[in-house]
Amino acid sequence: MNNLLKGAIQVLALLPGVDCGGLGGCGYKTCEACAKAIADTGNITLCPACDNDAVAAIAEALGVEPVKVEKKVAFIRCAGDAAGKDRLSGLESCEAAKKTGFLHSECQWGCIGIGSCVEKCEFSAMQAENGKITIDKEKCTGCMACMNACPQNLISMIPEDATNFIPCSSKAYEAMTLRTCGHGCIGCGECEDVCPQGAVKVIDHCAVIDYDKCVGCVACTVKCKKKIIVDELHDLTKVKEEIAFVKCVGGAKANAKLRALGIENCKDAADISMSAMGLCEYGCVGFGNCTKVCRYDAISVESGVARVDTDKCVGCGDCMRACPRDMIVIAPYRGVKRVPCNSRADEDERLRVCDVGCIGCGDCADNCPNNAIEMVAGNPVTDGKKCENCNVCSYVCSRGLIAERIVPEYTYMQIDALRLDQENSDERKW
């Protein structure tokens with residue numbers, strides 16, 4: 001038996017021994033062929049499924065210097081259902097589904113969910129349930145078979161100890177992504193701009209992380225407008241700059257009258273003349289179009305008006321885009337005061353249709369010692385950089401509308417420590 005054959009036999013015994021069907025990262029159809037190539041070339045890291053112990057053992061068997069390898073695992077760069085999963089679920093494979101084509105309303109880059117990748121995983125590291133593909137990092141060997149089996153090219157190999165992930169591969173422009181998927185990257189570039197390590201780049205309208213540079217900080221997670229970046233180190237509901245704010249507190253009367261007319265959707269309510277019914281033309285109607293799109297269960301309808309749970313909200317803006325009445329804005333999370341009213345009617349009309357809304361008197365703006373409040377279309381608008389939370393506006397508001405938003409001190413401490421709030425840190429005095 002020659003030395004090459006002997007070496008191949010020794011190497012084969014040290015490989016995982018599960019043929020990847022020619023889809024593995026080694027490029028060979030069988031483990032036997034891979035073992036022969038390793039023995040012939042001395043490339044002891046050829047099999048990506050080998051961990052450091054296996055590579056060291058192969059090096060010893062071949063009499064070569066050992067090298068350290070970084071274990072990588074598979075990651076699916078899609079978190080949504082926009083690629084027509086329900087419509088295509090009955091087909092035999094993801095490849096067949098892709099060949100049928102995607103509808104204009106579907107994401108042509110997303111996960112189809114049939115599970116062709118799962119079938120090719122020889123290590124039982126992948127599962128498919130109701131179109132959702134999950135990966136067990138403990139079982140994944142990084143062999144790359146699933147990656148090479150995916151016709152959508154959605155799977156990539158990332159370091160096992162990675163903590164930040166962008167689960168999207170869409171190459172669509174922002175408007176299309178917003179229409180098709182609540183989990184999609186819109187390519188805004190905020191994450192790229194703020195990354196202190198230059199580890200995030202927007203390529204073909206989608207953000208990509210360079211794990212050789214990423215240190216797992218919170219910067220990209222906080223700055224992401226769509227809040228789709230997965231962060232295993234930080235709680236996104238605590239470390240945030242903005243949250244949703246509903247510009248109405250009195251929608252109960254409108255909700256009740258519209259329900260009596262058979263209206264069940266915020267969009268349908270847009271065709272109704274509110275003023276003729278003695279209702280506010282600018283208020284929330286409380287049918288919950290916003291609640292249906294919230295991925296964080298942070299918005300609900302109470303007493304006919306949408307309410308935001310500031311502890312859960314991350315400021316992704318999905319509810320704002322879903323509201324056909326422009327009732328929701330994205331506001332600073334820090335304790336800046338805002339007035340929950342959207343009315344642009346005159347004072348008499350406001351008094352006639354609403355018992356709790358802003359009457360546009362302007363007392364808050366007139367009495368603010370820092371000129372932080374400006375009246376716009378009859379409504380007070382607060383400049384967060386000027387507001388010192390002195391409570392004068394709350395004191396003079398005859399309707400008691402202006403309330404303080406309590407913000408935990410750890411939010412300030414984390415953001416300041418990560419240098420994400422340098423511009424305003426010196427201005428905060430409370």
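Index from 1, following the sequence. Computed from a predicted structure; not experimentally measured.
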Problem - Candidates M126, Q152, M147 - the one meeting side chain to side chain contact (heavy atoms under 4.5 Å, CB included) with C117 - result: M126
Practice task
Would you indicate whether the side-chain heavy atoms of F102 and L88 approach each other to under 4.5 Å?
Solution key: yes
Practice task
Give a yes or no on this: more than 12 heavy atoms of other residues, nucleotides or ligands lie within 6.0 Å of atom NZ of K120.
Solution key: no
Exercise for the section: With the side chain counted from C-beta on, respond yes when N255 and F287 share a heavy-atom pair under 4.5 Å apart, and no when they do not. Expected result: yes
Problem - Short N-O contact, R295 and D318, less than 4.0 angstrom - result: yes
Handout entry: Distance-only donor-acceptor check, side chains K337 and N391, under 3.5 Å
Key = yes
Practice task
Output yes when a side-chain donor or acceptor of K227 lies under 3.5 Å from a complementary backbone atom of C224, and no otherwise.
Solution key: yes
Problem - Member of C284, C323, P324 meeting the side chain to side chain contact (heavy atoms under 4.5 Å, CB included) criterion with C266 - result: P324
Handout entry: Charged tip of K312 within 45° of Y296 ring normal and under 6.0 Å
Key = no
Problem - Heavy-atom pair of closest approach, residues C111 and A83 - result: O-CB, 3.5 Å
Practice task
Kindly give the heavy-atom pair with the smallest separation between V200 and A207, and that separation in Å.
Solution key: CG1-CB, 4.1 Å
Handout entry: Minimum heavy-atom distance between V67 and V55, given as atom pair plus value
Key = O-CG1, 3.6 Å
Handout entry: Straight-line distance of I373 CD1 to D366 CG, nearest 0.5 Å
Key = 9.5 Å
Completion exercise
Heavy-atom closest pair (V329 atom, M320 atom, distance to 0.1 Å) is CA-SD, 4.2 Å
Practice task
Would you kindly say whether T45 and N43 are connected by a side-chain donor-acceptor distance under 3.5 Å?
Solution key: yes
Handout entry: Beyond-backbone contact of I158 with V73, side-chain heavy atoms, under 4.5 angstrom
Key = yes
Practice task
List the steps and the verdict of salt bridge (charged side-chain N to carboxylate O under 4.0 Å, His left out) for K247 and D326.
Solution key: CA-CA 9 Å; K247 298 182 292 182; D326 296 326; over 6 Å; no
Practice task
Give the C-alpha distance, both sets of side-chain angles, the deciding distance and a yes or no for side-chain contact (heavy atoms from CB on, under 4.5 Å) between D19 and Y28.
Solution key: CA-CA 9 Å; D19 289 333; Y28 292 89; over 6 Å; no
Practice task
Would you sort out whether D231 and N164 count as a side-chain contact (heavy atoms from CB on, under 4.5 Å), showing the intermediate values?
Solution key: CA-CA 5 Å; D231 183 341; N164 284 25; 3.6 Å; yes
Fill in the blank from the handout: The reported gap from OG in S170 to CD1 in I186 (rounded to nearest 0.5 angstrom) is 11.0 Å
Exercise for the section: Measure the shortest side-chain to side-chain distance between P340 and L401 over non-hydrogen atoms and say whether it is less than 4.5 angstrom. Expected result: yes
Practice task
Answer whether the closest heavy-atom distance between the side chains of P380 and E374 falls below 4.5 Å.
Solution key: no
Completion exercise
Residues S169 and W109: closest non-hydrogen pair is O-CB, 3.8 Å
Handout entry: Pairing of K223 and E190 as salt bridge, 4.0 angstrom limit
Key = no
Problem - Heavy-atom pair with the smallest gap, counting every atom of R325 and E281 - result: NH2-O, 2.9 Å
Completion exercise
Rounded to the nearest 0.5 angstrom, the CD1-SG distance for I229 and C220 is 4.0 Å
Problem - Side-chain heavy-atom pair C393, C368 within 4.5 angstrom cut-off - result: no
Problem - E160 and its salt bridge (charged side-chain N to carboxylate O under 4.0 Å, His left out) partner, picked from K72, K139, K71 - result: K71
Exercise for the section: Please say whether more than 12 non-hydrogen atoms of neighbouring residues, nucleotides or ligands are located less than 6.0 Å from CD in E129. Expected result: no
Handout entry: R399/D355 ion pair, N-O < 4.0 Å
Key = no
Practice task
Inspect the surroundings of NZ in K292 and state if more than 12 heavy atoms from other residues, nucleotides or ligands are less than 6.0 Å away.
Solution key: yes
Exercise for the section: Kindly check if the number of other-residue, nucleotide or ligand heavy atoms within 6.0 Å of CD (E264) is above 12? Expected result: no
Handout entry: R338 side chain reached by F245 side chain, heavy atoms, under 4.5 Å
Key = yes
